[in-house]
Novice: 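Here it is, the structure in full.
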Amino acid sequence: MVIKVLGGGCANCKKLMENAKRAAEELGIDAQFEEVKDIEKIMSYGVMRTPALVVDEKLIFSGRVAGVEEIKEVLKKEAGN
Amino acid sequence: MFTPVQKFADVVTYNIFKIPQGSKLASAVNFFIFDTIKIFILLFLIVFVITFIRSFFSPEKTRDILSHKKQNVYIAHILAALLGIVTPFCSCSAVPLFIGFVEAGIPLGVTFSYLIAAPMVNEVALGLLYANFGLKIALIYVLSGEIIAIASGIVIGKLNLEKYVEDYVFKIKVGNVQIAEDKKTLNQRLNETFDFTVQLIRKVWVFVIVGIGIGAFLHGYIPTGALAKIAGKNNPFAVIFATALGIPLYSNAAGIIPLVSEFRRLGVSMGTSLSFMMSVTALSLPEMILLRRVLKPQLLGIFVAIVGCGIIATGYLFNLILG
């Protein structure tokens with residue numbers, strides 16, 4: 001599973017990355033993490049608000065920092081597919 | 001509504017701390033306790049309500065609405081400025097927002113109406129204004145912010161400044177991805193709103209407390225009207241000075257507004273105070289640095305000049321009306 005956080009590296013983006021890592025760890029999911037800071041790449045996902053969470057190239061949400069529990073739900077769903 | 005809070009502040013000041021009633025210290029401490037509680041209650045309520053309303057809007061939706069409103073550009077400006085209030089906006093998102101709008105074929109001027117209204121009508125500023133000055137001033141703040149955003153956007157649109165947008169902006173291909181965020185239940189929405197409100201207040205509380213602290217000190221120790229000479233109605237340059245002073249102070253917006261009510265008591269006129277607040281929230285240095293990535297210096301300069309003039313004009317207008 002590839003988990004990406006899109007954003008310019010502001011405090012919110014870092015927090016989201018932290019939460020995503022914790023969520024994957026708590027679920028025991030083996031995931032690769034990537035920070036996408038390049039504006040062209042961010043725009044290619046159609047995202048206008050950062051930070052955004054992308055799981056296996058699928059945009060999950062943008063413009064907010066989701067909590068660990070919420071990301072766990074998302075990852076469970078995506079891992080099931 | 002705040003009588004119990006005042007009673008609590010009185011009990012803490014006079015009975016627990018045993019500070020003699022009528023002393024300067026008592027006045028400062030009492031003010032600090034009362035104002036801190038009052039401001040945090042109001043701030044929480046107002047940010048919660050605005051965030052909840054915002055959960056129904058997104059920049060993606062705004063873009064779609066605006067890109068279909070091409071027949072009448074003035075309606076598009078008004079709509080953009082109104083949507084600027086209700087869409088969530090963090091200055092980190094200024095660049096992707098700008099590119100997304102321009103790519104969708106929204107005119108540059110309309111994009112600016114949105115970009116100006118979003119930070120100018122700021123929910124924390126609105127909450128604190130309401131807490132300190134009441135509904136009338138809070139509404140004046142929103143209304144003048146909207147008028148500046150609409151007018152500035154129209155002027156920028158008329159000047160045909162597309163050539164001053166960085167070239168790469170027009171080359172980026174924007175993906176079209178739909179997020180299934182609208183299918184939220186009311187409970188989910190309320191929970192997210194609550195979380196966001198708590199996050200936001202955690203971010204600003206230190207500034208608010210410091211602002212109230214300085215305000216409390218002024219309240220106890222500096223006599224009413226002390227600043228009337230330098231920043232009152234009779235100094236014609238006070239508004240310009242206040243606007244210039246506000247630009248580098250963005251990160252402390254939350255701390256400045258609780259102070260402003262004290263400035264008022266000290267004799268700073270309302271229009272001057274309003275200009276100061278608007279400049280703090282709308283002409284921020286960090287956001288300009290971000291916008292520099294998509295705007296050439298000429299356009300950035302024009303943007304600052306037009307918004308700055310709008311803020312100064314508002315200041316003079318309100319000094320004239322309100323004194």
Side-chain angles (χ1 to χ4, degrees), chain A residues 2-20 22-23 26 34-81, chain B residues 51 54-55 57-64 87-104 106 111 114-115 118 166 168-184 188 191-196 198-200 202-203 251 286 289-290 293-294:
Chain A
V2 180
I3 298 171
K4 291 180 183 173
V5 170
L6 318 182
C10 63
N12 284 340
C13 312
K14 289 193 183 104
K15 181 84 190 141
L16 181 61
M17 182 55 109
E18 219 173 87
N19 287 354
R22 262 197 30 217
E26 282 175 26
E34 200 184 315
E35 261 182 72
V36 180
K37 288 186 183 170
D38 183 60
I39 185 76
E40 274 182 59
K41 285 201 186 112
I42 293 176
M43 296 310 297
S44 73
Y45 289 96
V47 163
M48 293 212 289
R49 278 172 304 165
T50 55
L53 187 75
V54 171
V55 177
D56 287 338
E57 293 309 303
K58 185 172 153 197
L59 180 63
I60 307 295
F61 55 74
S62 71
R64 62 198 175 88
V65 179
V68 176
E69 288 309 310
E70 195 191 335
I71 300 175
K72 272 164 91 173
E73 290 301 312
V74 170
L75 294 184
K76 266 190 235 164
K77 222 175 87 193
E78 293 303 315
N81 289 341
Chain B
T51 308
R54 278 181 172 175
S55 77
F57 294 86
S58 71
E60 289 81 5
K61 246 192 253 170
T62 302
R63 178 193 54 192
D64 295 343
T87 36
F89 187 100
C90 147
S91 57
C92 315
S93 303
V95 170
L97 265 168
F98 182 85
I99 297 175
F101 273 44
V102 171
E103 281 305 296
I106 296 169
T111 304
Y114 177 80
L115 274 179
E166 293 288 352
Y168 81 92
V169 170
F170 296 106
K171 290 180 191 131
I172 291 180
K173 275 235 76 55
V174 176
N176 204 355
V177 190
Q178 293 292 324
I179 312 176
E181 290 254 52
D182 292 330
K183 292 165 203 138
K184 280 183 209 159
Q188 264 174 316
N191 280 335
E192 277 170 24
T193 302
F194 182 79
D195 288 345
F196 181 87
V198 171
Q199 266 181 42
L200 189 79
R202 263 197 204 148
K203 237 192 269 175
S251 53
I289 292 165
L290 281 166
R293 286 168 64 184
V294 283

Novice: Is there a side-chain contact between B/P96 and A/R49 in this structure, where contact means two heavy atoms from C-beta onward sitting under 4.5 Å apart?
Specialist: no

Novice: With only heavy atoms counted, which part of B/F101 is less than 4.5 Å from chain A, the side chain, the backbone, both or neither?
Specialist: both

Novice: Any heavy-atom pair between the side chains of B/Y168 and A/I39 that's under 4.5 Å?
Specialist: yes

Novice: Side chain, backbone, both or neither: which part of B/Q199 has a non-hydrogen atom closer than 4.5 Å to chain A?
Specialist: side chain

Novice: Is the CZ atom of B/F194 crowded by more than 12 outside heavy atoms at less than 6.0 Å?
Specialist: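 At most 12 heavy atoms, drawn from other residues, nucleotides or ligands, come within 6.0 Å of this atom.
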
Novice: Is any side-chain heavy atom of A/E40 closer than 4.5 Å to one of B/K171?
Specialist: no

Novice: Measure the CE-OG1 distance between A/M48 and B/T62 for me, rounded to the nearest 0.5 Å.
Specialist: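 Taking CE in A/M48 and OG1 in B/T62, the distance rounds to 7.0 Å.
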
Novice: To the nearest 0.5 Å, what is the distance between CD (A/E70) and CD (B/Q188)?
Specialist: 7.5 Å

